[in-house]
Amino acid sequence: MAHRILILNGPNLNLLGSREPEVYGTDTLADIVDRLAESAGDRAELRHIQSNNEGELIEAIHDARNWAAGIVFNPGAFTHTSIALRDAVSGVELPVVETHLSNVHAREEFRHKSFLTAVCVGVVAGFGASSYTLALEALIGHLDSL
Ligand code: CA2
């Protein structure tokens with residue numbers, strides 16, 4: 001049976017492809033999600049949500065309890081600030097893979113800290129759009145092993 005997976009993206013990721021291509025690449029978020037669906041094939045059924053609003057991201061995580069087996073989550077800059085998102089992830093007890101386009105550890109010091117990592121099953125960072133594909137593969141593998 002296909003795993004139902006939420007692809008969740010946080011603030012400013014709707015701008016992908018339009019600015020800062022040297023950091024975040026030239027793909028739009030729609031390109032990335034299309035490619036993910038293609039690589040998942042019939043192994044996973046994906047739903048995608050992007051929000052610039054912390055509360056909406058929390059609601060999406062809570063709602064995922066009702067239908068999803070796991071989440072690929074790029075929390076954007078909320079990674080480095082949000083205890084509320086951390087509590088939402090630990091509260092729903094779904095496997096979450098923290099995902100970043102850029103290698104946050106090779107960037108500014110304030111990006112080295114993540115409030116989410118400790119409550120996620122793992123992290124993928126630094127591979128551009130491929131970070132999402134790798135994160136999805138890792139999550140499917142994790143779900144298959146349960
Ligand atoms: O590398 C990542 O995926 C990040 O989560 C992206 C966040 C950043 O705050 C994190 O430290 C690392 C920023 C997303 C903003 O994306 C933009 C895309 C195009 C133009 C401007 C911003």
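For ligands, and for the atoms within them, numbers begin at 1 and follow the listed sequence.
- If you check which protein heavy atom lies closest to atom 15 (C) of ligand 1, you get Asn12 CB, 3.6 Å.
- For atom 4 (C) of ligand 1, the nearest non-hydrogen atom of the protein is His100 ND1, 3.7 Å.
- Given atom 14 (C) of ligand 1, the protein heavy atom at minimum distance is Leu13 CD2, 3.8 Å.
- Arg43 has a carboxylate O that lies under 4.0 Å from a charged side-chain N of Glu137, or vice versa, which qualifies the two as a salt bridge.
- For ligand 1 and Leu15, the ligand atoms under 4.0 Å from any heavy atom of the residue are 19 (C), 20 (C).
- Under a 4.0 Å criterion applied to the non-hydrogen atoms of His80, ligand 1 contributes the atoms 10 (C), 11 (O).
- Between Glu38 and Arg35, no side-chain nitrogen of the basic residue sits less than 4.0 Å from a carboxylate oxygen of the acidic one, so the salt-bridge criterion is not met.
- The atoms of ligand 1 that sit less than 4.0 Å from any heavy atom of Leu101 are 1 (O), 2 (C), 3 (O).
- Near Glu20, the atoms of ligand 1 lying under 4.0 angstrom from a non-hydrogen atom of the residue are 21 (C).
- Heavy-atom distances between Thr79 and ligand 1 stay at or above 4.0 Å for every pair.
- The aromatic rings of His105 and His112 are tilted relative to each other, their planes meeting at an angle between 30° and 60°.
- Judged purely by distance below 3.5 Å, without hydrogens or angles, the side chains of His48 and Gln50 never pair a donor atom with an acceptor atom.
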